[in-house]
Amino acid sequence: MFKLAWKNIFRNKRRSILSASAIFFAVVFVSSMLSLYEAMIMDMQKNTINHQLGNINIKTKKYIENERILPLQFYIENVDEKIDIINSIEGVEGATPVTKLPSMTFLGDESYNVMIYGVNFETSRYFDQGIINEGDFPKEDNEVLISSKLAKEMNIKTGDLFTFLSKTAIGGSNALGVKVSGIYSSNDLDMNNLNFFISMNQLSKTLRMNKGATEILVFTDSSVSKEVVQNKLKDDSLSATSWKDNSLIGQMIDLMKVIYGFIQVLFLLFASTIILNTTMMSIIERKREIATLVALGYDTHWIRKLFLFETALLTLIASIVGSIVGGILISILNKTGLDMIAMGGESVSGFAMNSYIYPYLPFENFIILICLAIIISTVTCFFPTRRVLKIQPAKALHDEI
Amino acid sequence: MKKIQLLILSIAIISTNLFAVDVDTIIENYDNNTIFNTSILKSKVIIKDSLGTSSQKIIAYSRKNGDTLIEITQGPDAGQKVLRLNSSIFLYYPNANQIIRLQGAALKESFMGSDFSYEDLSGDESIKNKYDYTIVEETDSSYIIKLDAKSRKEPYQKQLLTIDKDTFVCIEATLMSSSGRELRKMKASDIRQIGNKYVAFDIEMFDLLKNQGSTKMLIEDLDVNISLDNELFTTDNLSW
């Protein structure tokens, strides 16, 4: 059957090329889209975990209840002790304290609305995707690392001084004069806003938080659940939540997988309509040939299988070639990256997206795509090939004459 | 008969006018109580909200044109200072690099986390200059006066004041927006005589937009019309 199917594919080259092209382009398009999706999802997930919530996020219950008013007074006490406990759990890769809140900065007569992050520079993951454009990480408590956007907005550079003002945990306000130790840029769009970073200890002191923090980000492998962390901490005032529960992105990811799977199937289905048409035309044109085969004693079901096999073989070739081309395209984009800002990506700030996306697609996805293409096109051709079963040799040969 | 009725009516009107206190006088007496040439006020500020209670002590220096210097003398924010000069507020924090100037919308921010805004701090207290006023009601013990701002710059476009008849101190005030929405409520008690004026030593402010909580200011000491160095009311002095 293979030899016959192979021969039949090349009998009408034009029709075969048409059918194959549809599958080829569908596979190239779908693989490219999937690679973009994979990269975006991975980035969003990574950024959400590393820069926003951790795999597991710990806050006090009272803070969570009143979160919309940023109740600093409900900070986590004895943070260092709690981090030591968390780090002793098997599967935990690290834990870091964070306090983040909006504030105002002042330089001369100008004021700016900014976001402050109080962090432990050694254990935090905020700078995994960033580079220091100028200067260095803070070494003194009153030094800060600012985003390049903030530096541009305030027109300041390394070594310059400014003041920030914020509410405190006791309800009043406090201000601190700081010095710029360095300026950074990050691939994470959200980290490139008007932000600056200061040592956790200094911020806690300024906000009268007694060395506390508003949250702890815990980084884990998949074996550690929030229940394990909660039980180990043995503190009823605290609440451990998973990043997926806390994040819109976490909840969106599963839904997006379903949507992209559906889009994949849809595109292959569209491509398969071309094969459906060409198969129908082929059956009509080869009616005499089919009738002859039947007259010679070939089973109609076998002949039908032959047509389906031809479709499957054509789709296999086209999808392999499409996968190779798609793979080359993805490799090139993976090296150069896609500039999301140039493509209007800045408007999706807030979704933990990167400014540059490096598409990629694991090898197994290509295999799945090829199998899916073959299945969809073969199933699509199931219905037109039913005509083969209905062919009556005598009538068919008579009609041909 | 008609002539007698007219005569009785005239006598009634004249005698009413002879003994009634007109609204201008009420407001004048009220303003008189609130405006001093200079003053030094020491008080304790207690802030209550749904999440807890905190207190600090302040000392406030004021002069007649409304310029005020407030320093937090006790409490976690001790050392911080606020200077009001005309329509600007200057903030001094011991650990800041510069004096912070607040203008515009920033003046509506809360002072010390209390229910008083920076706008509420002193300023020219004279009602006569800023509001049109009418008596709405008179009870045995008080006058209820309605105020309408002359200028849109006033933070409270409408006010309803309950002024004690004996002391001409405002014992209750409702502060409203131009649409009549109630923004803040003030209650005053513990009225004492200082010289020829009367001052409430217990003032409680409620921020009606926040639903819960209040700020109480308990005056511990008040000196009026004493000599104050003009240097106190300068930004240079703030950092000393």
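Residue numbers begin at 1 in each chain, while the letters A, B, ... track the order of the sequences. Given the structure is predicted, the values throughout are model-derived calculations rather than measurements. Only this structure's heavy atoms are used, side chains among them; waters, hydrogens and symmetry mates stay out.
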Original post:
Given the rule in the side chain to side chain donor-acceptor pair (under 3.5 Å) test, do B/Tyr93 and A/Ser173 qualify, once you have shown the distances and angles that lead to the verdict?
Top reply: CA-CA 9 Å; B/Tyr93 292 90; A/Ser173 61; 2.6 Å; yes

Atom [atom1] of [X]: over 12 foreign heavy atoms under 6.0 Å:
{"X": "B/Lys42", "atom1": "NZ", "value": "no"}
{"X": "A/Lys100", "atom1": "NZ", "value": "yes"}
{"X": "A/Lys61", "atom1": "NZ", "value": "yes"}
{"X": "B/Asp229", "atom1": "CG", "value": "yes"}
{"X": "A/Lys157", "atom1": "NZ", "value": "no"}
{"X": "B/Asp221", "atom1": "CG", "value": "yes"}

**OP:** With side chain to side chain contact (heavy atoms under 4.5 Å, CB included) as the test, would you mind laying out the steps for B/Asn95 and A/Thr206 before giving the verdict?
**Re:** CA-CA 9 Å; B/Asn95 294 321; A/Thr206 305; over 6 Å; no

Subject >> Heavy-atom proximity to chain A below 4.5 Å, by part of B/Gln98 >> reply: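 Both parts, backbone and side chain.
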
Original post:
Would a distance-only check, ignoring hydrogens and angles, find a side-chain to backbone donor-acceptor pair under 3.5 Å from A/Arg208 to B/Pro76?
Top reply: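 Present.
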
Original post:
Does any N or O in the side chain of B/Asn97 come within less than 3.5 Å of the main-chain N or O of A/Phe162, such that one atom is a donor and the other an acceptor?
Top reply: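 Answer holds: yes.
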
**OP:** Let me know if A/Phe164 has heavy atoms under 4.5 Å from chain B in its side chain, its backbone, both or neither.
**Re:**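 Neither; nothing under 4.5 Å.
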
Subject >> Heavy-atom check, side chain of B/Asp77 versus side chain of A/Ile170, under 4.5 Å >> reply: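 The answer is yes, as the side chains (C-beta and beyond) meet within the 4.5 Å cut-off.
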
Original post:
How many angstroms lie between atom OG1 of A/Thr163 and atom CG of B/Leu91, to the nearest 0.5 angstrom?
Top reply: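 Separation between the atoms: 11.0 Å.
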
